[in-house]
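As the structure is a prediction and not an experimental result, all values here were calculated from the model. Values reported hereafter were calculated over all heavy atoms of this structure, with side chains retained and with hydrogens, waters and symmetry mates removed.
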Amino acid sequence: MGIDELGIGKRGKKRLLVGRIPLIMLALFCGFMASLVDTIRIYQCLFFSWRCVWFTVLSACLFFAFVLLGERLVAWFMAEPQNVGTVGLKLRARFSLAWNWKQCLLVTSVIQLCWMPYLWLSYPGVLWYDTGQQLMQWFHLPNTFTDGSHWSDHHPVFDTFFIGAFAELGKMFGSVDRGLFLCSIVLSVLSAASFATIILYCRRLGTGWRLDIAQMLFFALFPVLPIFSMSLVKDSIFMPFFIWFAIFCIEIVHSHGLCIRRPATLVLFFILFLLVCLTKKTGLYIAVICCFAVLFVVIRKYRLRIAAVLLMGMVIFELFIPKVVFPANNIQEGGKQEMLAIPFQQSALEIKRHGKDMDKHDVDVIYTLLGKDVASRYQWWASDNVKGYTWDRSKDPMLGEYARVWVRGLIKYPQTYVEAYLALQESWLGIPSYGEGENNNLAELTLPVFLTGSDHMLVANADQMGFKMHGRQAYVQYVEKQINKFEQLPVFNLLFSRAIWTTWMFLFVVYEWCRNHRMRDIAWLMPYIATFLFLWISPATVTVEGVRYTMPMIVLAPLMWGLLAMPRTHSEENDSTFAMPQKPADRHV
């Protein structure tokens, strides 16, 4: 049956085409950006060729198909089948996914049960490089950031204390390794519970049972999630608290602030605000952006409460902790080089490409901050080699002059600056492809799992810290290799693509939200938007470390799909989801 037979005439066709112009523009943008980073990955410079043209067209078509497929899936998830059968009815009665503690425990248990093989495999807990550095600080050993006599806030102190406390607890059980494995178990339970909360919350908002079950299967079976959730790394501590904070923010928007009318609920929101800020360096900025957005949608009498949370949080993290807590406990603040990673990287490439043509004063300023060998230290895929890991505070007076030098460089060599930036953010834009160049490594654009860290003896100073266990390396290496190999297979490499889970998924959600005339309700998406914005200051994206920055976007994606699939009436209601019903009931059963 053609379009005309469906009653859609020429005017309808034209309106349909015009309505898709934003999507076509988004597709072309994504295709063009993917082609740019593709050339950087293969040739290690911006190089325009026929490959750029066909790669742009191919990627644009792929994004267009991705959005259309997403629309069909959302529509399918929203529809409820008429006949579900006896087995289906029993299954729905068991998994009603109603907003109550029993269903939360049930869903958490199902997810955790599916994760058990990974938990067994990762014994005694997967340590990342950063975690090793934090544990060395805990045990007062020399490390990359300090000489062991004090702590550094380069990595959040709260995370160092959290993991270190479990290491000390392990001594009571005869081994530091066992304490870290207990920490791994706690992190996996917290993550599973936070994922269960997403599922139940979406159900409470009125999403279909199909979507909620799909969410549960995704959280339980997508291999990247369990392996990362139980890994001993600062981002796995941050993740569950961030999920609960994001849900809380959405609920405040949903209820226009009614959910925080009780003091106990307001205190809970403040505690989550603190935990998000304590467990990740960018957590403060994400939490502040979300609170600012919420201020404009709550009922006027509740704005003061949100403002109080925001103000108290700012005072604690901008004044009390750095000015009182850190000096009292001999803790050194993280260096400024982390915030300046991108401009430092751009200056390094500028020196490497145009050093002979630059003004001597500008070169001297850059050399003073970054060293005379900065050009040779430049690596397109990461800024660590340029910015370093520590900061000399005597360089602070030079930062004002450096800002002027950076602006002059941007004006004079814009292509160099763009290239340095795109190279760092490659994974948020690049699509896995095959073909030219030995530098075309698919693992840089997918989501590789990291299990090798379960061998605690690989950590520097392992003996001094009391580590004794190698873990199940015979199995670990095989499983890690097979999962990563599977991720790089054609078609599957798209399912595990970092760009699709970050940029493409984000654009899809925002496009569909605005397309359904919900632009005025954009505050619903603010936790997702804020997280996306902070992706673009990442100092590295193609390394395995880049997976850490991707995870919040991945775990929020099912929640965003739930918002897309919820009935429109729920965005206009003022009831509070956080008020537990006396008799939990599922309207779909």
* To do: Evaluate the criterion ring pair (Phe, Tyr, Trp, His ring centres under 6.0 Å) for residue pair W244 and F269; output intermediate values, then yes/no.
  => CA-CA 9 Å; W244 286 321; F269 178 64; over 10 Å; no
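- Atom OG of S191 sits about 9.0 Å away from atom CZ of F228, to the nearest 0.5 Å.
- L268 contributes atom CG, which lies 11.5 Å from atom CZ of F245 (distance to the nearest 0.5 angstrom).
- Within 6.0 Å of atom CZ in F29, 12 or fewer heavy atoms from other residues, nucleotides or ligands are found, so the atom counts as exposed in its surroundings.
- Side-chain polar atoms of Q345 and S383 form no donor-acceptor pair below 3.5 angstrom.
- Rounded to the nearest 0.5 Å, atoms CD1 (I289) and OG1 (T282) are 9.5 Å apart.
- The minimum heavy-atom distance linking P552 with Y549 is given by the pair CD-O, 3.5 Å.
- Using a 4.0 Å cut-off between charged side-chain N and carboxylate O, D38 and R41 make a salt bridge.
- When atom types are taken as modelled, the side chain of K234 and the backbone of F158 share no donor-acceptor pair closer than 3.5 angstrom.
- Atom CZ of F292 has 12 or fewer neighbouring heavy atoms from other residues, nucleotides or ligands inside a 6.0 Å radius.
- For the residue pair W128/D235, the side-chain donor-acceptor check at 3.5 Å is not satisfied.
- Judged by distance alone, the side chains of W406 and E350 never bring a donor and an acceptor atom under 3.5 Å apart.
- For Y417 and Y421, the ring centers sit 6.0 Å or farther from each other.
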* Can you list the steps and then say if K323 with E318 is a salt bridge (Lys or Arg N to Asp or Glu O under 4.0 Å)? -> CA-CA 8 Å; K323 304 301 181 182; E318 293 298 324; over 6 Å; no
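- Side chain of N329 to main chain of V325: a donor-acceptor pair is present (N/O by atom type, distance under 3.5 Å, no hydrogens or angles).
- In this structure a side-chain-to-backbone donor-acceptor pair under 3.5 Å is missing from T131 to L127.
- Here the side chain of D159 pairs no donor or acceptor atom with the backbone of I237 at under 3.5 angstrom.
- At a threshold of 4.0 Å, the pair K281-D153 counts as salt-bridged, since one of the basic side-chain nitrogens sits closer than that to a carboxylate oxygen.
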* Asked: Is there a ring pair (Phe, Tyr, Trp, His ring centres under 6.0 Å) between F161 and W138 once you walk through the steps?
  -> CA-CA 7 Å; F161 182 85; W138 178 267; 5.8 Å; yes
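- Note that CZ of F195 and OG1 of T197 are 10.0 Å apart. Values are rounded to the nearest 0.5 Å.
- Looking only at side-chain heavy atoms (C-beta outward), E401 and H361 come within less than 4.5 Å of each other.
- Using a 4.5 Å heavy-atom threshold, the side chains of E338 and K387 count as touching.
- Under the 4.5 Å side-chain criterion, counting only non-hydrogen atoms from C-beta, M239 is in contact with S229.
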Compile the donor-acceptor pairs under 3.5 Å between side chains in residues 528-540 and protein atoms, sequence neighbours left out, one pair per line.
{"from": "T531", "atom 1": "OG1", "to": "P527", "atom 2": "O", "distance (Å)": "2.7"}
{"from": "W536", "atom 1": "NE1", "to": "F532", "atom 2": "O", "distance (Å)": "3.4"}
{"from": "S538", "atom 1": "OG", "to": "L535", "atom 2": "O", "distance (Å)": "2.5"}

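- Atom CD of residue Q379 and atom CG of residue L424 lie 10.5 Å apart, to the nearest 0.5 angstrom.
- Annotation for M457: atom CE counts as buried by contact number, over 12 foreign heavy atoms lying within 6.0 Å.
- Between L369 and M398, some side-chain heavy-atom pair lies under the 4.5 Å cut-off.
- In plain terms, the two heavy atoms of S188 and L119 that are nearest each other are OG-CD1, 4.4 Å.
- Residues I316 and L274 form a side-chain contact, since some pair of their non-hydrogen atoms from C-beta on lies under 4.5 Å apart.
- The main-chain N or O of V233 is never found under 3.5 Å from a side-chain atom of S231 such that the two would form a donor-acceptor pair.
- Although no hydrogens or angles enter the test, the distance criterion places a donor-acceptor pair under 3.5 Å between the side chain of T502 and the main chain of R498.
- Within the 4.5 Å cutoff, the side chain of R393 has heavy atoms near those of the D396 side chain.
- If you take SG on C290 and CG on L525, they are separated by 11.0 Å, rounding to the nearest 0.5 Å.
- A side-chain contact (heavy atoms from CB on, under 4.5 Å) with L135 is found for one member of L141, V176, N461, L180 and no other, namely L180.
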* Chi angles and distances behind the side-chain contact (heavy atoms from CB on, under 4.5 Å) call for E419, C45 -> CA-CA 7 Å; E419 179 182 325; C45 66; 3.7 Å; yes
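- The closest donor-acceptor contact from the side chain of Q337 to the backbone of Y389 lies under 3.5 Å.
- Side chains of T541 and E426: a donor-acceptor N/O pair is absent below 3.5 angstrom, by distance only.
- By the neighbour-count criterion of 12 heavy atoms within 6.0 Å, atom NZ of K468 is sparsely surrounded, having that number or fewer from other residues, nucleotides or ligands.
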* In sequence, state the C-alpha distance, the side-chain angles, and the governing distance for T452 and E480, and then conclude on side-chain hydrogen bond (donor to acceptor under 3.5 Å, both in side chains). => CA-CA 8 Å; T452 306; E480 181 181 276; 3.0 Å; yes
* Checking ring pair (Phe, Tyr, Trp, His ring centres under 6.0 Å) for the pair F344/Y378: CA distance, chi angles, key distance, verdict? -> CA-CA 10 Å; F344 281 175; Y378 175 81; over 10 Å; no
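- Listed for the T503 side chain is a donor-acceptor partner under 3.5 Å among the backbone atoms of W428.
- In this structure, the side chains of M358 and R353 stay at 4.5 Å or more apart for every pair of heavy atoms.
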* Verify side-chain hydrogen bond (donor to acceptor under 3.5 Å, both in side chains) between Q137 and T160, making sure each step is shown before the conclusion. => CA-CA 8 Å; Q137 291 185 44; T160 302; 5.3 Å; no
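- A donor and an acceptor atom, one from each side chain of T146 and Q332, are nowhere located under 3.5 Å apart.
- Between Y123 and Y118, the gap from one ring centroid to the other reaches at least 6.0 Å.
- Pairing each heavy atom of H470 with each of Q473, the nearest pair is O-CG, 3.2 Å.
- Note on ring orientation: taking the six-membered ring where Trp is involved, the planes of F145 and H154 are parallel (angle under 30°, cut-offs 30° and 60°).
- Nearest heavy atom pair, residue F317 against residue P322, reads O-CD, 3.4 Å.
- Residues Q346 and T416 have side chains that never bring a donor and an acceptor to within less than 3.5 angstrom of each other.
- Exactly one of V365, D364, D359 qualifies for a side-chain contact (heavy atoms from CB on, under 4.5 Å) with V405. That residue is V365.
- Within a 6.0 Å radius of OH in Y285, no more than 12 heavy atoms belonging to other residues, nucleotides or ligands are found.
- No donor-acceptor pair closer than 3.5 Å links the side chain of R178 to the backbone N or O of G170.
- In this structure the side chain of S433 never reaches within 4.5 angstrom of the side chain of I431, judged on heavy atoms.
- With hydrogens and angles left out, the side-chain atoms of S347 and Y402 include a donor and acceptor closer than 3.5 Å.
- A cation-pi arrangement is found for K280 relative to F238, the charged atom lying closer than 6.0 Å to the ring centre and inside a 45° cone about the ring normal.
- A donor-acceptor pair under 3.5 Å is absent between the side-chain atoms of S59 and the main chain of T56, judged by distance alone.
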